[in-house]
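The sequence lines fix the lettering, A, B, ..., with proteins before strands; numbering per chain opens at 1.
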Number of protein chains: 2
Amino acid sequence: MKWNALILPPESMLETVCSAECRKLLEEHFHPVWNTASRDYTQDQLMERIGDADVVLTSWGSPILTEDHLREAKRLKMIGHAAGSLKGKVPDTVFQGRNIRLFSAAPRIALSVGEYCLAVLLNGLWRFPQLHGQVGSGIWRNGAFGRELRGQTVGIVSASATAKAFIRLLEPFQVQIRIYDPYLTRESAERLGAVQCGLEEIMRCPIISVHAPSIPETKNLLSAEYIRMIPDGAIFINSSRGAVLDEKALVEQLRTGRFFAALDVLEEEPPSPDHPLLGLDNVLLTPHVAGMTVEGCRTLMFEIVQDMIRASEGKPTRYEIGETAWSLMA
Amino acid sequence: MKWNALILPPESMLETVCSAECRKLLEEHFHPVWNTASRDYTQDQLMERIGDADVVLTSWGSPILTEDHLREAKRLKMIGHAAGSLKGKVPDTVFQGRNIRLFSAAPRIALSVGEYCLAVLLNGLWRFPQLHGQVGSGIWRNGAFGRELRGQTVGIVSASATAKAFIRLLEPFQVQIRIYDPYLTRESAERLGAVQCGLEEIMRCPIISVHAPSIPETKNLLSAEYIRMIPDGAIFINSSRGAVLDEKALVEQLRTGRFFAALDVLEEEPPSPDHPLLGLDNVLLTPHVAGMTVEGCRTLMFEIVQDMIRASEGKPTRYEIGETAWSLMA
């Protein structure tokens, strides 16, 4: 007997997160129930369908599963999220007296974020728009301009999965890695090749990358006082959440032009058209896409579905979130 | 008895290639003769000074050493080039009946070129100017846009030092590396983690990086026929020399917008203001600076001077060019 797999994302989203390989796997192992509408289900439409589902697959834009949905979902055994954060998409009661297992593709997304961080870091060191502009204005080889990453010191705020993915890519550059994470053990830091430091020491590094989850404890973690410590000539990267830093203080510092910032996240997204960061040439802004690469996204549902099959066969899983991990999650 | 070290670069160039540490080392181990003029010596000025020199240090812009200079340089034991290519700076007769040892910082420069290649590659995959532009025009998170390097296939033309530096940085991305180099042995390719291929197979890779030296055999190596093989959506990088490819054919292909190119070198440098590559948004141009990072350049003379000291003490050297290597050199 194959399980019914209720697939919430419409075709337009499946094109991004569900490869042909994944569709085939779903057809082989489940009775997939595809969303044939051109948009996401409403919560009512989800309610009409969830009663028959053994498995629910969600992604960006999928409706939030409420307590009512879970009560209706008598057969539901697994929820898999082919996107980043599952928290907020499912009520915290999901583990209470139910036998529902959760899966999230966040660890796969972290790999893209790691690549993004290295990409914007190198971009900040080379300042390509300026070099390209030099060629256009007839300036040729005006001395050393780009900067090397090799041997530099990189400060990391929070040892999250995205930080770990970034650190792995830094390995051949022989950088010194300093990390701030109050929950990191010394052994885990050592395994990352990193030295544990206080936040102040991190904020004085010539390269700083922020990976803190957005939870009540991290709100405004990088206060104005910390932001002002960023040294001249530094590269500052935020690929986590806008809420973890004092954006007003960051704007004030960036206006002086004394360091470079690459920001994938802002306090308010999208920013208002008159946002003060928009006109600064020492700032690279991207629209919250660090985790959304073409190749990375295309594999998300496949990774989750493979993991669900492993779980159903009693094998070890890679993307499952247990009750403890869930309770600690952003 | 300390040797006389004739330092050809004027102060303006020493600021780029000679660190304070290097000046100290020169003062300690040699009698340095600094160029106190504000510009490079003429060939006559060099002739007046070279007779007393045991060591000559050169860099970008230094006068070419002629046969006449070498005849005059009766005490000369070592020539060190704190820059890239020494060939063309010294006559080929340098090894004939003389006891002059040559040193070139090219291997150190290759490390910067390797970083450049990864930087432009990631830039091409993410297309940051476009993403930044999206934020400015109020487009927020319009689906997956950036691309992952992880697991891709990278084609390398020529296994030069810059190629090796680039390949080392690719290691954590788990890419497939294909390499074309008629002089590379199978064992050396394996040591690089690369598979040897014909040039056609390289030119059909989704990522192509050109590292061929500019020698008669590589002139127009990438002919129009090869250039047309570059696949749609590819990233094409040239950090070697403009002469190795058919630039007209490359322009023609880039005009269609079907792939992205990062070019640090052109046939004519600087390009004329109406060069057809200047207006294309699928092209990143840089002014032949891939090897010229601030940190990389600052260490060039220091590396060479340290190596000369090792050589004078009979220790193994890292930057010396023997007669055989010289004869094979671009």
Does any backbone or side-chain atom of [X] lie under 4.5 Å from a heavy atom of chain B? Answer side chain, backbone, both or neither.
X	result
Gln130(A)	neither
Phe128(A)	both
Ile139(A)	backbone

If you compare all heavy atoms of Glu267(A) against all heavy atoms of Glu247(A), which two are closest, and at what distance to 0.1 Å? N-OE1, 2.7 Å
Minimum heavy-atom separation for Arg150(A) and Glu115(B), please, with both atom names. N-OE2, 2.9 Å
What residue, out of [options], has the most heavy-atom pairs lying under 4.5 Å from chain A?
options	answer
Leu125(B), Leu266(B), Leu149(B)	Leu149(B)
Val294(B), Leu277(B), Leu111(B)	Val294(B)
Gly143(B), Pro270(B), Pro273(B), Gly291(B)	Pro270(B)

Which one, [options], leads in non-hydrogen pairs under 4.5 Å with chain B?
options	value
Ser12(A), Cys297(A), Gly296(A)	Gly296(A)
Leu170(A), Thr16(A), Leu118(A)	Leu118(A)
His275(A), Arg108(A), Arg298(A), Arg168(A)	Arg108(A)
Glu295(A), Glu148(A), Glu171(A), Met292(A)	Glu148(A)
Pro271(A), Gly138(A), Pro129(A)	Pro271(A)

If we count only N and O atoms by modelled type, under 3.5 Å, do the side chains of His81(A) and Thr58(A) hold a donor and an acceptor together? yes
When you check the side-chain N and O atoms of Asp264(B) and Thr286(B), is any donor under 3.5 Å from an acceptor? yes
Could you tell me whether Arg258(A) atom CZ has more than 12 heavy atoms of other residues or ligands within 6.0 Å of it? yes
Quick check: do Val154(B) and Cys205(B) have side-chain heavy atoms less than 4.5 Å from each other? no
Given Phe173(A) and Leu121(A), is the side-chain contact (heavy atoms from CB on, under 4.5 Å) satisfied, shown in steps? CA-CA 12 Å; Phe173(A) 289 94; Leu121(A) 169 52; over 6 Å; no
Applying salt bridge (Lys or Arg N to Asp or Glu O under 4.0 Å) to Glu11(B) and Arg23(B), what does each step give before you reach the verdict? CA-CA 12 Å; Glu11(B) 185 56 33; Arg23(B) 288 170 206 248; 3.2 Å; yes
Using non-hydrogen atoms and a 4.5 Å limit, figure out which bit of Val120(B) sits close to chain A: side chain, backbone, both or neither. both
